[in-house]
Amino acid sequence: MTYAAPLREMLFAMKEIGGLDAVLAQPGHEEVTPDLVEPILEEAGKFAAEVLAPLNHSGDRQGNHWEAGVVTTADGFKDAYARFCEAGWHGMPARREFGGQGMPTLLSTAVLEMWKSSNMAFSLCQMLTLGAIEAIATHGSTELQQRYLPAMVEGRWTGTMNLTEPQAGSDLAALRSKAVPEGDHYRISGTKIFITWGEHDMAENIVHLVLARLPDAPPGVKGISLFLVPKFLVNDDGSLGERNDLVCASIEHKMGIRASATAVMSFGEGPGAIGYLLGEENQGLACMFTMMNHARLNVGLEGVAISERAYQKARSYALDRVQGKTLGCGREGEVDATIVGHPDVRRMLMDMKARCEAQRAIAYYAAGQMDRAHGHADAAQRASAQQLVDLLIPIVKGWCTEGAQLVTATGVQVHGGMGFIEETGAAQHQRDARITTIYEGTTGIQANDLIGRKLARDGGVVMRRLIATMRADAAALGGQGDALLHSLSGALERGVEALDAATDALLAQGPREAAAAAVPYLWLAGTVVGGWLMTRAADAASTQLSSGSAERDFLEAKRVTALHFALHVLPQAGALRDTVLHGAASTLGLTAAQF
């Protein structure tokens with residue numbers, strides 16, 4: 001078991017869905033030649049399988065230890081992190097001017113999937129640090145960038161985001177943390193909860209990005225500012241100084257990702273923690289959104305990664321477990337005594353496999369569009385790609401993480417009773433996956449973002465442009481004279497029509513009714529876009545087969561997996577359309593007392 005998608009699967013998705021060749025041809029990626037991509041993925045796969053994956057189960061069982069504000073990580077994590085940084089993996093996606101490697105988002109996304117698949121709890125530390133790096137690089141002063149970013153990119157210092165407070169979950173308007181000006185810095189006080197890797201023993205310093213209010217700040221989200229608050233203050237020569245006035249008050253006891261310390265952070269129990277303003281006063285929320293697209297893409301990628309690991313676990317078990325009288329493996333002359341011969345087990349495995357590939361396709365496609373938005377030579381193409389990224393991000397985050405709930409639960413089911421036993425490992429995947437629908441904004445928040453900021457803002461222009469592209473691809477696919485592609489074409493056309501009708505209906509609804517239909521609409525959009533990209537994969541596989549590719553088994557499997565998605569998942573689009581069109585009335589029909 002590799003604990004990550006097979007290398008061939010990743011390369012295919014990067015090239016045929018993400019547009020790898022075009023990304024590498026853009027200015028700024030001259031050092032990343034196509035022949036380097038496979039060796040990078042191979043080495044990352046080795047590190048994931050040999051160093052990170054063995055700590056996944058043991059880290060889950062042991063968790064972290066908190067005592068008097070000090071957090072000790074699970075056995076092996078500190079050494080693994082040191083090796084991770086020494087090998088240069090930590091700074092791979094970071095900007096070159098701060099010591100990073102500046103790899104394309106598409107390539108770093110594939111590598112990040114490996115870390116998340118092999119050990120999701122471990123991977124969260126790098127993910128949060130990279131987000132903090134991006135915020136400081138975009139909004140920090142030159143002095144702050146020079147003082148903090150090289151060590152953070154290297155991994156010697158890690159980063160966090162401090163948003164949530166006990167009285168304010170997703171409602172940032174209710175934040176109470178304070179920031180009082182004092183010379184060239186501010187004094188920060190308040191309590192933050194759910195701070196991922198907020199305290200640990202793997203790095204020399206931890207750089208907290210903290211949302212707080214100035215004394216004269218206006219109420220609501222318009223009065224929030226963003227501050228850099230280090231665990232240890234940094235001297236002018238870059239060495240670490242005295243401990244700042246902040247402490248980890250406790251860590252949470254969680255359902256999953258137990259090897260990742262989720263901290264309650266207390267700032268300013270004494271004179272106040274020293275912090276430095278990032279961006280302008282009262283513009284903290286805008287500063288945080290700088291890193292939101294990458295953060296939400298990466299959480300969506302966690303859904304992809306944990307789905308892949310659950311699929312591999314279930315597949316391995318099904319190929320090994322002998323139980324009952326089987327009916328053969330589906331090909332003439334093939335009989336297998338293991339449970340993979342049971343048609344219903346094959347149905348479950350095919351559903352897991354198809355959903356994994358569709359999720360990966362959406363995530364990689366969005367990553368490729370991010371690269372296009374950042375580096376394409378034509379300004380109009382950059383703008384168009386960015387519009388598409390903005391539309392896709394809530395779909396990637398919401399659809400892939402919700403899909404992971406289905407895939408990991410099916411993985412437990414494939415194991416039968418053994419899946420309910422922790423020692424098997426299947427249950428951990430389902431527990432770990434559960435947080436992904438909550439991280440970086442719940443599915444409901446992603447859906448409201450999709451219909452509000454993304455759909456209603458432009459009257460559906462970008463979505464309709466995407467619908468036109470999918471409709472054209474479906475028509476082209478149906479004219480190729482290939483029976484399987486013809487079936488895919490028809491299924492995709494029906495899905496696109498359902499999405500088109502739901503889009504029109506949603507834009508015509510009132511705000512409350514639209515919000516009631518937002519999650520079904522997001523699920524519909526993800527299902528149709530996933531189906532579209534699966535048909536693209538099948539088309540590319542067919543082209544390679546017709547050219548005499550030696551990878552016949554892999555390419556034929558691509559076609560069949562796309563067909564399974566088209567016949568088993570994509571038909572749900574019609575039902576979801578009807579829910580968007582007619583479901584709001586029942587959702588909103590009861591009074592609060594009637595629940």
Side-chain angles (χ1 to χ4, degrees), residues 4-5 9-10 13 17 109 112-113 116-117 120 256-257 296-315 347-367 391-414 426 428-447 449-450 491 495 498-499 518-535 537 561-562 564-573 575-576 579:
E9 175 65 38
M10 284 187 161
I17 303 299
T109 294
L112 288 172
E113 183 190 339
K116 295 174 183 298
S117 187
M120 181 174 153
I257 55 167
R296 289 179 171 176
L297 170 67
N298 287 336
V299 175
L301 192 64
E302 288 169 6
V304 179
I306 204 70
S307 294
E308 177 64 36
R309 179 153 188 166
Y311 166 66
Q312 287 193 26
K313 188 79 173 175
R315 175 185 175 276
R347 178 193 61 81
M348 289 188 285
L349 290 176
M350 282 301 299
D351 186 76
M352 296 175 77
K353 179 177 173 62
R355 289 185 184 276
C356 282
E357 292 187 16
Q359 290 171 13
R360 180 174 298 106
I362 290 181
Y364 283 26
Y365 182 74
L391 178 72
L392 289 173
I393 287 299
I395 300 172
V396 172
K397 199 283 182 182
W399 192 74
C400 291
T401 58
E402 289 289 350
Q405 311 310 308
L406 297 175
V407 174
T408 55
T410 302
V412 171
Q413 188 74 9
V414 170
Q428 182 189 345
H429 305 329
Q430 188 172 8
R431 289 189 288 102
D432 286 352
R434 197 65 199 87
I435 189 61
T436 62
T437 62
I438 302 171
Y439 264 153
E440 297 299 334
T442 64
T443 305
I445 289 174
Q446 304 305 316
D449 179 52
L450 175 63
L499 179 59
V519 168
Y521 181 81
L522 182 148
W523 192 254
L524 168 60
T527 299
V528 175
V529 174
W532 166 55
L533 295 175
M534 290 291 277
T535 64
T561 305
H564 185 90
F565 190 94
L567 298 179
H568 290 255
V569 181
L570 200 47
Q572 296 168 15
L576 290 164
T579 299

TODO: Over all heavy atoms of both residues, which pair between R296 and E440 is shortest? Give the atoms and the distance, please.
DONE: NE-O, 3.1 Å

Open item on the list: I'd like to know if the side chain of T442 and the backbone of I438 have a donor-acceptor N/O pair within less than 3.5 Å.
Closed with: no

Open item on the list: So, using side chain to side chain donor-acceptor pair (under 3.5 Å) as the criterion, who are the partners of N298 when residues are at least two apart?
Closed with: none

Open item on the list: Contact between Q405 and T437 at the side-chain level, heavy atoms closer than 4.5 Å - yes or no?
Closed with: yes

- [ ] With sequence neighbours left out, write down each residue that passes salt bridge (Lys or Arg N to Asp or Glu O under 4.0 Å) with E9, or none if nothing qualifies.
- [x] R360, K558

TODO: Enter the distance from I393:CD1 to I362:CD1 here, rounded to the nearest 0.5 Å.
DONE: 11.0 Å

TODO: For a side-chain contact (heavy atoms from CB on, under 4.5 Å) with L450, tell me which candidate from L392, I395, V519 qualifies.
DONE: I395

Open item on the list: I want to check something: taking the side chain as every heavy atom from C-beta on, are K313 and V414 in contact at a cut-off of under 4.5 Å?
Closed with: no

Task: Heavy-atom closest pair, residues A366 and V396 - done: CB-CG2, 3.9 Å

Task: Pairing residues for L567 by the side-chain contact (heavy atoms from CB on, under 4.5 Å) criterion, not counting sequence neighbours - done: L563

Task: Spatial distance of atom CZ (R431) from atom CZ (R434) [nearest 0.5 Å] - done: 13.5 Å

Open item on the list: Donor-acceptor check, side chain of D432 to backbone of I257, threshold 3.5 angstrom: yes or no?
Closed with: yes

- [ ] Compare every heavy atom of G411 with every heavy atom of A426, then report the nearest pair and how far apart it is.
- [x] CB-O, 4.4 Å

- [ ] State, to 0.1 Å, how close A409 and Q430 come at their nearest heavy-atom pair, and which atoms those are.
- [x] CB-NE2, 3.6 Å

Could you pull out every donor-acceptor pair under 3.5 Å between side chains of residues 520-535 and any protein atom, sequence neighbours left out?
unit_1	atom_1	unit_2	atom_2	d
Y521	OH	T503	OG1	2.7
T527	OG1	W399	NE1	3.4
T527	OG1	W523	O	2.8
W532	NE1	D473	OD2	2.8
T535	OG1	W532	O	2.5

- [ ] Before giving the answer on side chain to side chain contact (heavy atoms under 4.5 Å, CB included), spell out for V407 and E308 the whole-Å C-alpha distance, their side-chain angles and the decisive distance to 0.1 Å.
- [x] CA-CA 9 Å; V407 174; E308 177 64 36; over 6 Å; no

TODO: Mind checking side chain to side chain donor-acceptor pair (under 3.5 Å) for T401 and listing every partner two or more places apart, or none if nothing turns up?
DONE: none

Task: A354 versus T561, closest heavy-atom pair with distance - done: CA-CG2, 3.5 Å

Task: Closest heavy-atom pair and its distance - A305, K116 - done: CB-CB, 3.6 Å

Task: Gap between atom SG of C356 and atom CD1 of I306 - 0.5 Å precision - done: 10.5 Å

Open item on the list: Side chains of E113 and Y364: any donor to acceptor distance under 3.5 Å?
Closed with: yes

Task: Side-chain touch M352/S307, heavy atoms, less than 4.5 angstrom - done: no

Task: Straight-line distance of Q572 CD to L576 CG, nearest 0.5 Å - done: 6.5 Å

Open item on the list: Can you list everything that forms a side chain to side chain donor-acceptor pair (under 3.5 Å) with R355? Sequence neighbours excluded, please.
Closed with: D351

Open item on the list: Measuring from atom CD of Q312 to atom NE2 of H429, what distance do you get when rounded to the nearest 0.5 angstrom?
Closed with: 9.0 Å

Task: Distance, nearest 0.5 Å, that separates OH of Y311 from CE of M348 - done: 13.0 Å

